There are 2 protein chains.
Amino acid sequence: MITLAEENYLKAILKLSKNSEDSVSTNAIAEELDTKASSVTDMIKKITDKQLVDYVPYRGVSLSKSGLKKAIEIVRKHRLWEVFLVTKLQFKWDEVHDIAEQLEHIKSQKLVDALDAYLGYPQHDPHGEPIPNKDGQFPKSFSKRLSELEKGSSGQVVGVSQDNQSFLQYLNSLNITLGASISVIQKIDFDDSLEITINNKSAHISNDVARNLLIKQK
Amino acid sequence: MITLAEENYLKAILKLSKNSEDSVSTNAIAEELDTKASSVTDMIKKITDKQLVDYVPYRGVSLSKSGLKKAIEIVRKHRLWEVFLVTKLQFKWDEVHDIAEQLEHIKSQKLVDALDAYLGYPQHDPHGEPIPNKDGQFPKSFSKRLSELEKGSSGQVVGVSQDNQSFLQYLNSLNITLGASISVIQKIDFDDSLEITINNKSAHISNDVARNLLIKQK
DNA sequence: TTATAAATTTAGACAAATCTAAAAATTAAA
DNA sequence: TTTAATTTTTAGATTTGTCTAAATTTATAA
Ligand SMILES: [Mn+2]
Ligand SMILES: [Mn+2]
Ligand SMILES: [Mn+2]
Ligand SMILES: [Mn+2]
């Protein structure tokens, strides 16, 4: 049996590893889960024993095949529940993440499948984040990070790569929603911040924000 | 903060106390939760410290006002989720209890309220069990236990007072569903079992089963 | 009313998950 | 290539929830 805490570690490791190959540092996991490095080391040993990760002391961890599968399942559940909350229960996109953090740990394969069907097999959650299918495959995406666009180019917001409440509420205050049109007016070298227009209204955003906005160009 | 284990103890105590006054024995709780009496004593001390129950050593526990409120909230969540699973996700009535045991611990008042509204403020769960409203009030019921009916009397099944899978699957095998018509043909004194008809087909059931079937007489 | 049985609590231990402080290993700097 | 800084691991504790075995209290029976 895999515990709730173990599931959260697997999810954190998946989030932190771009390529499922490369290994993740103890400190990075500690920061992601808001815990101490020593706690991370303890837990890594446990999930190593369960063969959920590969671990080389002082060198970091990476997900094993079964660990990756498990982590993707949790992400799938998290995002399906977010869709449920928004499309069926009328929650706002900035209200669903914390509840999904709880719901993602409910154990029932039949429930996940039934929920998926009930929602119409959605490919993206309310934040434009991709939902892996039953086999763990993510839908292909053709988006770029806003921070990577050239000056003068433009497109539509199709997703965010972070869905915590404070970030989403900041986006709300800028009227940045899924589907909004954004153009890059100016790139400031000094701090990599951007002058942009959102549906033709101008604004200035930090690189930190731009990095987490996914844009699809026409 | 109230933990998941504490919630389960409160729920068990509520279930075991007919009148919210009378106190529940350590052994009864241990049996209900499939744990040891010594574990129960340990936990009782913890929830006593949190003023969720009143406890007299060797004499048993009863729910305090706040403990009762909390216990009813959990029952409310459990039964609302059961309704969701059956009416929206097409689960059978014998498949929902175990999943609801998990879902009842999800913490979000807004979620419970939204779910309640989404389901149309149901008063009974898929097993005919009453769902307390937001204020903790249970809907009035006019049913009797089948075991209390006289020979010759009859009525319709409006609920069960137990919803574990094995019991419900046994009812399925007898074609006892909500709405089924039942008549008492004979009461056997020896073991209090009953000869009955279910939609005019005869069957023999134990007192243990009859006690958990709720009947509404015409 | 005393002895026996049953129920309950206490004592001591353990696994899970976490922490702080200290030691060890790795990386970066001089 | 040493030394210093950073990262990571280990040692030792703590909290929660559970267990077994033993002691205590209450209930029952002779
Ligand atoms: Mn989320
Ligand atoms: Mn999301
Ligand atoms: Mn149930
Ligand atoms: Mn039920």
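Just so it is clear, the structure is predicted and the values come from calculations on it, not from any experiment. Residue numbers start from 1 in every chain, and the chains themselves are labelled A, B, ... in the order their sequence lines are given, proteins ahead of strands.
Comparing B:T41 and A:K46, the nucleotide of DNA chain C nearest to each residue sits closer to the 5' end for B:T41. Comparing B:Y58 and A:L4 against DNA chain C, the residue whose closest nucleotide sits nearer the 5' end is B:Y58.
Residue contacts for A:A37: at a heavy-atom cut-off of 4.0 Å it reaches a base atom on one of the strands shown.
A:H105 and A:E7 form a side-chain donor-acceptor contact under 3.5 Å, judged by distance and modelled atom types alone. Looking only at atom types and distance, the side chain of A:S193 has a donor-acceptor partner in the side chain of A:D191 under 3.5 Å away. Side chains of B:N212 and B:S161: a donor on one and an acceptor on the other come within 3.5 Å. When only modelled atom types and interatomic distance are considered, A:E129 and A:H124 share no side-chain donor-acceptor pair under 3.5 Å. For the residue pair A:Q51 / A:D49, no side-chain donor-acceptor distance below 3.5 Å is found, with atom types taken as modelled.
Phosphate proximity of C:dT27 to A:R59: present, with a side-chain N or O under 4.0 Å from OP1 or OP2.
Protein atom OH of A:Y55 is 13 Å distant from nucleotide atom P of C:dA25, rounded to whole Å. Regarding A:D42, its CG atom lies at a distance of 13 Å from the C1' atom of C:dA15, rounded to whole Å. Nucleotide C:dA17 holds its C1' atom 15 Å from the CG atom of A:D49, rounded to whole Å. Distance CD1 (A:I44) to C1' (C:dA17): 14 Å, rounded to an integer number of Å. Between the NZ atom of A:K45 and the P atom of C:dA17 there is a distance of 15 Å, given to the nearest Å.
Relative to the six-membered ring of A:Y118, A:K88 meets both conditions, a distance below 6.0 Å and an angle of at most 45° to the axis. In this structure, B:K110 forms a cation-pi arrangement with A:F91, its terminal cationic atom sitting closer than 6.0 Å to the ring centre and no more than 45° off the ring axis.
Of the residues in residues 99-106 of chain A, none lies under 4.0 Å from DNA chain C by heavy-atom distance. Listed in residue order, the members of residues 23-35 of chain A having a heavy atom less than 4.0 Å from DNA chain D are A:S25, A:T26, A:N27.
Remark: B:K107 NZ is packed, more than 12 non-hydrogen atoms of other residues, nucleotides or ligands lying under 6.0 Å away. In A:K36, the NZ atom is not crowded: 12 or fewer heavy atoms of neighbouring residues, nucleotides or ligands sit closer than 6.0 Å.
Tested against A:E6 for a salt bridge (Lys or Arg N to Asp or Glu O under 4.0 Å), the candidates A:K45, A:K11, A:K46, A:K50 yield a single pass: A:K50.
Less than 6.0 angstrom separates the ring centroid of B:H97 from the ring centroid of B:H78.
The A:K36 side chain lies nearest to C:dC19 when the options are C:dT9, C:dC19, C:dT26.
Nucleotides of DNA chain D lying under 4.0 Å from heavy atoms of chain A occupy a range whose first and last members, 5' to 3', are D:dT7 to D:dT10.
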